[in-house]
Amino acid sequence: MLVDAGLSFRELSKRLASIGEQPDRIDAILITHEHCDHIAGLARFARRVPVPIYITRLTAPIIEWDGMTPRLEPFQAGARFAVGDIEIDSFTIPHDAVDPVGFSFRAQGLKIGLVTDLGYIPDSIKFHLRGSHLLLLESNHDLETLRCGSYPWAVKQRVMSRNGHLSNDTVGDYLAHEFDPSTGTVILGHLSEHNNHPEIARMVAQEALDRRGLATRLLLASQKEPTEVFRF
Ligand SMILES: [Zn+2]
Ligand SMILES: [Zn+2]
């Protein structure tokens, strides 16, 4: 399953090949929201590999399909559905898109949580992430770097707003207090190239985990290369 398709078909194929996979072995695409870093390669991918695309009812009509007719599987944000033997929960996230969602995946007693692009972490999302064995969570920006950086003020405000993106500090606060300690691995993702530094994001999260004495494995996702392949 592919969650979002922000990369070009070529780049995605290359990265899949690097982990021993290929595009036509993908059974479904799931879309979180319509921002271009999440769908830039979608129409092209769907043309080359006509798999079902799971997308919310409100997001589907606003995507440019470049003249092709995609195999859409629209769902209501908040719905539960299955792809093969994987059970998926979708949940609404606070972000400035039409109908953005995060996902959790369950199969064979294993749960994976995946949420990026959110301005804060409401209780409903904390609930959905509980019990995850592996969690991919946005740690988008360092507030100080964002404030002092070159983005126009309106953009800075948008990023910092409750419909923007998670700061390292918000993630640290979540890890220090409400994060489920039974989660074995946390991957910090969707780091801003301009307003963050991987080592700052890592430090803030690690300090939060250390404060609770948690031995959670902490990893950082890069937009330049795939993470390791996780096997359970
Ligand atoms: Zn977004
Ligand atoms: Zn994004």
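Indexing begins at 1, ligand by ligand and atom by atom, following the structure's order.
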Of all the N, O or S atoms in Asp37, the one nearest to the Zn ion (ligand 2) is OD2

Looking at Asp96 and Arg158, is any side-chain nitrogen of the basic one under 4.0 Å from a carboxylate oxygen of the acidic one? yes

Assess whether side-chain contact (heavy atoms from CB on, under 4.5 Å) is satisfied between Asp117 and His38, documenting all intermediate values. CA-CA 10 Å; Asp117 299 71; His38 298 261; 3.1 Å; yes

Taking N, O or S atoms only and a limit of 2.8 Å, check whether His165 reaches the Zn ion (ligand 1). no

His38 near the Zn ion (ligand 2): N/O/S under 2.8 Å: yes

Name, closest N/O/S atom of His35 to the Zn ion (ligand 1): ND1

Test: Arg106 and Asp89 ion pair at under 4.0 Å: yes

Whether Asp180 and Arg130 form a salt bridge (side-chain N of Lys/Arg under 4.0 Å from carboxylate O of Asp/Glu) is what I want to check. no

His190: its N/O/S atom lying closest to the Zn ion (ligand 2) (atom name): NE2

Return yes when at least one N/O/S atom of Asp117 is nearer than 2.8 Å to the Zn ion (ligand 1), and no when none is. yes

Salt bridge check: are Lys156 and Glu144 linked by an N-O gap of less than 4.0 Å? no

